[in-house]
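Inspection log for the structure reproduced underneath, given as structure tokens.
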Amino acid sequence: MSQIPLKTTFEPTQVIQPYFSGGPGNTALDATGRLLATACEDEAVLTDLRTGAELARIDGDGQELTTLAMTPSGSHLVTCSRSYLMCVYALAPEIGDDSVKVEVEKVRQTKMGAPAMVAECDPTGTLVAIGGSDGIVKVWDIVKGFVTHNLRGHGGLVSALAFYMDTEGASKGGRFRLATGGDDTTVRVWDLEKAGKSLATLKGHTSVVRGLDWSKDGARLLSGARDGAMCLWDTKTWKFVVTAAGEEVEAVGFVAPGMFEREDGGEADRLVFAAGRKDRVRVWDLVEGVELTAKPDEDEEEDEEKGVIQIIYHKNLPKLWSIHRDFTIHEHALRLPTPAPTTLPITARLTTNYDEIIDCCYLPPSQSQLAIATNSEDVRIVSTESFHDVALLQGHTDTVLTLAHDWSGRWLATAGKDNNARLWDLDTFTCAAVFTGHAESIAALALPRSRPQDGSHAAADRSPPAFLLTGGADRTIKKWDIAPGAPKQRALFTRRAHEKDINAIDVSPDDKLFASASQDRTIKIWDTAACETVGVLRGHRRAVWSVQFAPAGVTASVLGGADGTRAGTLLVSGSTDRTVKLWSLADFSCLRTLEGHTNSIQRVLFLNGGTQVASAGNDGLIKLWSVRTSECVATLDNHSTRIWALAATPSSGRLLSADAAGIITVWRDTTAAVAAAAAVTDAAAVEEAQALSNAVAARDWRRAITLALALNHPGQLLHLLTTVTTSPAPDAGSLTGSAGVDEVLASLADSQLATLLLRIRDWNTNARTAAVAQRVLHALLRSYPAERLGRLRGTAEVWAVLEAYTKRHVARVEEMEEGSWVVGYLLGGMEQVGTGVGEGEGERAVEVV
């Protein structure tokens, strides 16, 4: 075990951040269906809708965005914020089969007179209409940046916009029109070819108008409002027909002829869609006045946290996208199966904002899917590549707090604040069993970890787990017998386990023991079969939030030394007291206490075959510890708030952390790659150092100085230049003592010159090396114009330091020169005395001196 190399380097390879903060009119999509623009607080985010990859995040002005619009070609993005600013960005997207690239350039920003509530680009991408809270609609030329139309008439904020442009000569009316809707319940139609002339004011609704669309030939206008009505208007007579939708309508539209498929063979060229508070996209034949999708249950209650707020539909595509209050985007096929469902079929689902992530786990065997519990009653199964939703597990009635999977990945257990636990079959994404019996919320659960014998019926069929353990705020632990399909699941045991809430449960690899961690600061070890306590681990000073058994075969001997002689099963725990503890179950003693976190620890788990431990907590850090040495070998930092979820693949090649802000970071082990790169770098450094020595020996000054600068060897560079400048036989006329060195110094690149000046600055601060520094500096000043030396990057402070120390050296030399006059005078006087005495007296005088 000790020979397994430690994993010391993890790099974030994927960061999933929230990219939509809600609100109608805050999403836009180009006509290819790939480039998605969304508003997230004050930022605009560009995403590849197919792969889920974030392409760009455009910083805002600190004020929340109120609406945005994108041209059909994706060439420009227009954003509006609460600070009254309208910003226009040029995007220049490059859309390929496998990826999308985009370059964002801000073109202009304009101050508006009121906050913008809705924006819409015309089909050609030339104009953008912006409806404000003051009831005014301004139409702007996107590229040239001026207002083409200023439309006044609404008595309140503008809530809906729809351009009509006849590009194929199909119009039965005007060729260029704009329909607007407001909270004054009216729809207004404007002729943009006639300076924005008002053609009609339509009064057919009794509440705010939210949806508008034109038929292909412009002969009909469809409107939908929160009064639950859809109005189909004849654009010649402006007479209308009302169809009751039975819900508050947020979006309506005509289905393009030839783009809809009906399995029943019915008419598909005169259909409209609508969506609203009932969280589904419905289809009507307005000529017949009948709904084609199945009617929902009349007794169905509307969920205030759900509902469609916007629909994006490009009439060249065979699908549309619905934007929902719960921050999800659904892709719908324009197809109606038989029997008809209550909504258009959902072909893909994307979660744009996970809110608070409470728990997550990789699903075996491929680890290609992830189960995520957020601040919601639903559990999401997502792809680890695109992070698109694979399935949504719905059944809990309150927030889900904890997850656990079995060895096969087919069965997932969930539990939460509704006091129930559920077992899900992930082959069908259906609930197989419900466990009811706890009096308060369930925060901990566990399934067996042992794998059935290969070739057995249980292994082949991936049979349901043998039992389920649950614990929670009622301080009890229940062991359940799992019988999928049974009307009621039976609790085999119920034990009063702790004095306070139970936070975590984990089962040993052989399923013989399980551990429970509690707010009462203790960890209890239980016999799984008898559900009786076999030991208590005491030592944490505050609540224990996480506990895990070491992998099979890993015992306390992995620690080595005296602690390793105790043997016994190894257990790790994390606590609010900011410590991680390693325990031996041989004598239920604490073997090691790992300290380093600055806040509560929420998650701990074993890595790398049990030789390492990962811990994460409220300080937003992940720390990797060596079990043998108890040292922190790495700290991973990519979160700014508390980490509540931590998961790893069995090989420990990937770590996943998720925090309370809904940010997910996928970490990949790069230890081997970093070590290999370091080995290559070290080998290259040895070769270059040898090359430097050879160049000095061969008096190849150009190569020697270049290598010394490149290798960052200031000592060797100083020795080289000192040797040259103090040569007893300098070259005639040389600035440094060597004509070759003069030539090298006069031909340096800017980066090399800047590095050399930094070295001269350092040498000049020391009286012993100041002489060589001054000599080389003199050579540089004679070789380069002042303009070039002055603009070198990173040398702004160098000249001030050089000036200060040079003045100090000059003052020292002047002081020495003054002292030399006194010495000279004394020596001269002594010579005169020696000349005026006799031979004997002179000898005596010398002796006296």
Would you confirm whether Asp279, through its side chain, and Gly307, through its main-chain N or O, come within 3.5 Å as a donor-acceptor pair? yes
Determine whether more than 12 heavy atoms belonging to other residues, nucleotides or ligands lie under 6.0 Å from atom CD of Glu263. yes
Min side-chain heavy-atom separation Leu221-Arg177 under 4.5 Å: no
Value rounded to 0.5 Å, distance of CG in Asp184 from OG in Ser207: 11.0 Å
Lys278/Thr342 under side-chain contact (heavy atoms from CB on, under 4.5 Å): CA gap, chis, key distance, verdict: CA-CA 10 Å; Lys278 290 193 175 179; Thr342 58; over 6 Å; no
Report, as yes or no, whether the 6.0 Å neighbourhood of atom NZ on Lys194 holds more than 12 heavy atoms from other residues, nucleotides or ligands. no
Side chains of Ile58 and Leu77, heavy atoms from C-beta outward: is any pair under 4.5 Å? yes
Should we count CD of Glu267 as having more than 12 external heavy atoms under 6.0 Å? yes
Could you go through Gln17 and Val15, starting from their C-alpha distance and side-chain angles, then the distance that decides it, and tell me whether this counts as side-chain contact (heavy atoms from CB on, under 4.5 Å)? CA-CA 6 Å; Gln17 301 183 68; Val15 179; 3.8 Å; yes
Tyr19 OH to Ile329 CD1 distance, which is reported to the nearest 0.5 Å: 6.0 Å
Please confirm whether the backbone N or O of Gly74 pairs with a side-chain atom of Asp30, one donor and one acceptor, at under 3.5 Å? no
Has Arg220 got more than 12 heavy atoms of other residues, nucleotides or ligands less than 6.0 Å from its CZ? no
Is it true that Glu54 and Arg57 make a salt bridge, defined as a side-chain N closer than 4.0 Å to a carboxylate O? yes
Less than 4.5 Å apart, side chain to side chain, heavy atoms only: is that true for Leu85 and Lys111? yes
Once you round to the nearest 0.5 Å, how far does CD1 of Ile381 lie from CD1 of Ile372? 8.5 Å
Are any of the side-chain nitrogens in Glu94 or Lys101 under 4.0 Å away from the carboxylate oxygens of its partner? no
Quick check against the 3.5 Å criterion: does Trp214 have a side-chain atom that pairs as donor or acceptor with the backbone of Ala162? yes
With a 4.5 Å cut-off on side-chain heavy atoms, are Asn638 and Trp667 touching? yes
Is it the case that the side chains of Thr351 and Asp389 hold a donor-acceptor pair, with the cut-off being a distance below 3.5 Å and no angle test? yes
Would you compute the distance between atom CD1 of Ile16 and atom CD1 of Ile664 and round it to the nearest 0.5 angstrom? 6.5 Å
Contact check, side chains of Met86 and Val78, non-hydrogen atoms, under 4.5 Å: yes
Drop me the distance from Glu120's CD to Leu127's CG, to the nearest 0.5 angstrom. 12.0 Å
Do Arg270 and Glu288 sit within salt-bridge range, that is, some charged N less than 4.0 Å from a carboxylate O? yes
Donor-acceptor contact below 3.5 Å, side chain Asp48 vs main chain Ala53: no
Please check this pair: side chain of Thr67 against backbone of Gly25, looking for a donor-acceptor N/O pair closer than 3.5 Å. yes
Report the relative orientation of the aromatic rings in Tyr313 and Phe273; use parallel for angles under 30°, tilted for 30 to 60°, perpendicular for over 60°. perpendicular
Leu392 and Thr328, any side-chain heavy atoms less than 4.5 Å apart: no
Would you say Ile130 and Cys80 make side-chain contact, with heavy atoms under 4.5 Å? yes
Search all heavy atoms of Cys40 against all heavy atoms of Ser21 and return the closest pair with its distance. CA-OG, 3.5 Å
Checking Leu91 against Leu35 for the side-chain contact (heavy atoms from CB on, under 4.5 Å) test, could you report, in this order, the C-alpha distance in whole Å, the side-chain angles of both residues, the deciding distance, and whether it holds? CA-CA 10 Å; Leu91 303 183; Leu35 183 58; 4.2 Å; yes
Counting only heavy atoms not in Gln394, do more than 12 sit closer than 6.0 Å to its CD atom? yes
Inspect the contact between Arg226 and Glu250 and indicate whether a charged nitrogen and a carboxylate oxygen are less than 4.0 angstrom apart. yes
With Tyr89 as partner, the option from Val107, Val102, Thr79 fulfilling side-chain contact (heavy atoms from CB on, under 4.5 Å) is Thr79
How long is the span from the CG atom in Leu334 to the CG atom in Leu271, to the nearest 0.5 Å? 9.5 Å
When you measure from the side chain of Arg108 to the backbone N and O of Ile142, does any donor-acceptor pair fall under 3.5 Å? yes
Between Asn26 and Ala39, is there a donor-acceptor pair closer than 3.5 Å when you use the side chain of the first and the backbone of the second? no
Under a 3.5 Å distance rule, please check whether Asn316 uses its side chain to pair with a backbone N or O of Ala31 as donor and acceptor. yes
Is Lys239 atom NZ crowded by more than 12 heavy atoms from other residues, nucleotides or ligands, each under 6.0 Å away? no
Quick one, Leu36 and Trp321 - any side-chain contact, counting heavy atoms below 4.5 Å? no
Quick one: does Thr235's side chain have a donor or acceptor within less than 3.5 Å of a partner on Gly218's backbone? yes
Distance-only, no hydrogens or angles: does the Glu247 side chain make a donor-acceptor pair with backbone N or O of Arg277 under 3.5 Å? yes
Stepwise, does the side-chain contact (heavy atoms from CB on, under 4.5 Å) test hold for Asn150 with Lys138? CA-CA 5 Å; Asn150 206 346; Lys138 291 181 181 290; 3.3 Å; yes
